[in-house]
*Asks:* 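For reference, the structure I am asking about is given below.
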Amino acid sequence: MTQKSPPLVLPPSLSRTVAALPDKDRNRLDDTITRLHTVNGRLWDTEDRVRGALLSAAQVADCKREIDQLNAERNLLAERADEVLGSLADAGRADVPLHTETLASVVDRLSVLTLRIWHSERAAARDELARRRVPVLRGQREELCAALDALVSDVAAGRRRLPVPARFKLYGRDGAAPAEIKPSRRLRRVLAFGGLSECGKSTSAEFVQRTCGAQRFKIGFLLRQAAHREGLADPYALSPRRQAELLLGELNRFADAHVDTELFTIESVHDDASIAELKRIMGDALQIVYLDASFAVRVERSGTPAQAVAAKDEIKMSRGAHQVAALADHVIDNTGSIAALRARLRRIAAPPASTALRAATPYGLGLPAAVASATADFTDAVRAYGPGVRLAALTGSPGEGSWIAGWSDLDLLVVAEHEAIGRVHEALEQYRTALGGAASLGPTLVTPGELTARRLTPRLAFVLHQLQQGSPVLHAAPSLELPTISRGELVFAAVRELPQVILTMRRLRADAGPTALRQLYKHLVLACRLLLREHNQWESGPDRILAAASRMPGLTALATPSLAEISSAWRDGEAELVLKPVTVAVDQLLTWYAAQLAA
C-alpha cells in the first residue's frame, strides 16, 4: 500500500468499545487491525500489478505467490483480531440469533471498502464511471459502519452470537494452516545497519566482524539466495512481509549450519517496511542500528562530488532508508571520533551485563595481618567515595589463595569514573604508606567506559573472566556492569599476548643474574599459561601450570623447583641456588617455541 493510502477509521461505537479494553488488548488489536489494513493495500497493489503490466511468466508466478502469502497473512491477522474482539461478546444464551460473520470479517470488509473508495476517487478525474461510483461507495461505507456499530452493541448485550472465528485456510499445504516463520533458536543476535550514503554502515559492520567474530551479510545477497532457492524472479517486488520472511529463512539456514556463530550483521537497510516486518518477527534478537551524519560530512568522507552523494541519497530515500531512523534501536551520530563510534558499536554488539560478584574481606585472602589491615583501610576509603568507584579487587595470587609474602605482588584492579581517579590516587598513596614495604603494590586503574567498550588488554580480560568465575572482590557497586568474557576470547587474547611475553622472556634470559630470577620465573609461568589456553587447558597455580605445560607435544619436561622452593630461596637471598634450573626450563621452552613457528 502506498504512503498516501487512507487510514482505516473504525465506526464510533466500536472505537469507544475498543478504547475501553485493557491496554495490552487494545494495543494488540490496534496493531493487528493496522497490519490487516496494510496487507489489504498490498494485496490491491499486487493484483493491479499482475493484471495491468506486461509481465514475464516468472514475474506473474512471483505475483501469484505473493498474493497467496498476503492472503494467508490476511486471514491470520483476522483470526488474531477476532481473539480480542471476541472478548466483547456477552456469554448470552445459546438460542440467540447467530450472525453470519465475525467482527473481524466486517472490519476486513470495511478495510477493503475504504481502499476501493480511495482508488475510485483517484480515478474519478479521468474516468466518468469511477466518478459516478464514488457517492455509492461512500453510502455503502456509511451503511457498513452503522451495521458494524449495531452488531457490536448486540454482541455486547448478548442479543446476537458470533460464529467460530477459525478460518482454516490451507493455501497449498496439505491439511495444515500456514506456518508462521520464526527465528531459529541458534539465531541468537542480528545487527542490521542502516543509514544514507557514506554514513559508515559498511565500515561499522566490518569492525564488528573483525572484533566480535560476527558473520557479515549483505541484504541483497540474502534475498538473491532466497529467490534462487524458491524460484522467484524478483524478490524486491514481493511484499515487505514476504521479503522479511525470505531474509529470516536464509539467516536461520546459516545459523543452523554454523552453530558456533553468536552474532550476525546485515547491511544495508534501505527499506523501512521490510525491516519493520523483520523486527516484528524477531523482536529484540534483531537490533537495528542507524548511522547518522550530515550531508557535508558524508560528502567529505566519500571523496566524490556532492551531486553523486545526493543522487545515491535520493535512490535510498525513495525506498524509505531515511525512515529507518524512526524504527532503530540505536541511532549513532557518526560525526565524531572513530574511538567514540567503535566504543558504541562494541557496547551494542556485546552489551555489558550486571554481574553477581563474590565479595570477601582482605582477612579472608590468606594475607599477613599487616597487609590485610592496610588493604581493609584502602577498601573502606574507596567505598566511601560512592558510585565514582565501581570495583576494587586484588587479582592473581590473592584471588587464588596462593599469595606468598616477600615474593608475590599485590595486583590491584580499580574501576572508577575518570573524575574519581584523583581521589583513588590519594587512597593508593595511603595504601603504600600503610604497607610499609611489606608488599609491592601494582595497581591497574580503568574506567567503566573502557570496560564496556571492551578496550581491554589480554591481562585485563583474563582478570575479568576470573572475577566472573568466582574470584573474590573487595568492593563492587550495585550498578556495576561488566563485559562478559568467554574462554574463546581468552584463547585469542593469549595469541595476541604471547609474542610480547616471549620477547620479554628472551630479554630477561640475556641478563639472567640472580636479580632476574623472580621476573624470569614469572614470565616462564605466564608463557606456559598462555600456551595452555591455546590447547584449551585452564590450569591455575605455577606448579600445576608448569607440570601441564611439560605434557605439550614435543616439549621436554620442565624440571623446575616448586614455587615454595623458589620463593624461599628468593626471600633468603639464595636466588643463585634455583636460578640454573629456571634458566634451563626457559631455554627449553624458547627452543620448543621457535621450532613450532619455524617455516
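Worth knowing before you read on, the calculation uses all heavy atoms, side chains too, and leaves out hydrogens, waters and symmetry mates.
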*Asks:* Any idea how Phe217 and Phe254 line up, ring-wise: parallel (<30°), tilted (30 to 60°), or perpendicular (>60°)?
*Replies:*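 Perpendicular: the ring planes of Phe217 and Phe254 meet at over 60°.
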
*Asks:* What is the distance from atom CG of Leu456 to atom CG of Leu451, rounded to the nearest 0.5 Å?
*Replies:* 6.0 Å

*Asks:* Among all residues two or more places apart in sequence or in another chain, which pass the side chain to side chain donor-acceptor pair (under 3.5 Å) test with Glu250?
*Replies:* Arg229, Arg253

*Asks:* Which pair of heavy atoms, one from Ala104 and one from Asp82, lies closest together, and at what distance?
*Replies:* N-OD1, 3.0 Å

*Asks:* Considering only NZ, NE, NH1 and NH2 on the basic side and carboxylate oxygens on the acidic side, decide whether Glu481 and Arg390 come within less than 4.0 Å.
*Replies:*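 No, this pair does not count.
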
*Asks:* Counting only heavy atoms not in Arg210, do more than 12 fall under 6.0 Å of its CZ?
*Replies:*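 Counting other residues, nucleotides and ligands, CZ of Arg210 exceeds 12 neighbours.
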
*Asks:* May I ask you to say whether Arg454 pairs ionically with Glu489, meaning some side-chain N is under 4.0 Å from a carboxylate O?
*Replies:*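 Salt bridge flag = yes for Glu489 with Arg454.
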
*Asks:* More than 12 foreign heavy atoms under 6.0 Å from NZ of Lys64: is that the case here?
*Replies:*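 Check fails, neighbour count at 12 or below.
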
*Asks:* Heavy atoms only: give me the nearest Leu110-Pro11 pair and the separation to one decimal.
*Replies:* CD2-CD, 3.9 Å

*Asks:* Would you call Arg242 and Glu73 a salt bridge, taking side-chain N to carboxylate O under 4.0 Å as the test?
*Replies:*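 Looking at Arg242 and Glu73, the cut-off is not met.
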
*Asks:* Just to verify, what does Phe207 make a ring-ring contact (aromatic ring centres under 6.0 Å, His included) with, not counting sequence neighbours?
*Replies:* none

*Asks:* So, Arg138 and Glu142, do they make that salt bridge, N to O below 4.0 Å?
*Replies:*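 Not counted as a salt bridge, because no side-chain N and carboxylate O are separated by less than 4.0 Å.
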
*Asks:* Are there more than 12 heavy atoms of other residues, nucleotides or ligands under 6.0 Å from atom NE2 of His330?
*Replies:* yes

*Asks:* Can you give the donor-acceptor pairs under 3.5 Å from side chains of residues 295-303 to other protein atoms, not counting sequence neighbours?
*Replies:*
unit_1, atom_1, unit_2, atom_2, d
Arg298, NE, Ala293, O, 3.1
Arg298, NH1, Ser197, O, 2.9
Arg298, NH1, Asp313, OD1, 3.1
Arg298, NH1, Asp313, OD2, 2.9
Arg298, NH2, Asp313, OD2, 3.0
Arg301, NH1, Asn334, O, 2.8
Arg301, NH2, Asn334, O, 2.7
Ser302, OG, Val299, O, 2.8
Ser302, OG, Thr304, N, 3.1
Ser302, OG, Thr304, OG1, 2.8

*Asks:* Using every non-hydrogen atom in the two residues, find where Lys201 and Ser268 come nearest and quote the distance to one decimal.
*Replies:*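 Scanning both residues completely, I find the closest heavy atoms to be CE-OG, 3.1 Å.
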
*Asks:* If every non-hydrogen atom of Ser204 is compared with every non-hydrogen atom of Phe193, which pair is closest and at what distance?
*Replies:*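 So the two residues come closest at CB-CE2, 3.8 Å.
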
*Asks:* Closer than 3.5 angstrom, by distance alone: can the side chain of Gln468 be matched with the main-chain N or O of Pro483 as a donor-acceptor pair?
*Replies:* yes

*Asks:* Any salt bridge linking Arg188 with Glu262? Criterion: basic side-chain nitrogen under 4.0 Å from a carboxylate oxygen.
*Replies:*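 Between Glu262 and Arg188 there is a salt bridge, with a charged N closer than 4.0 Å to a carboxylate O.
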
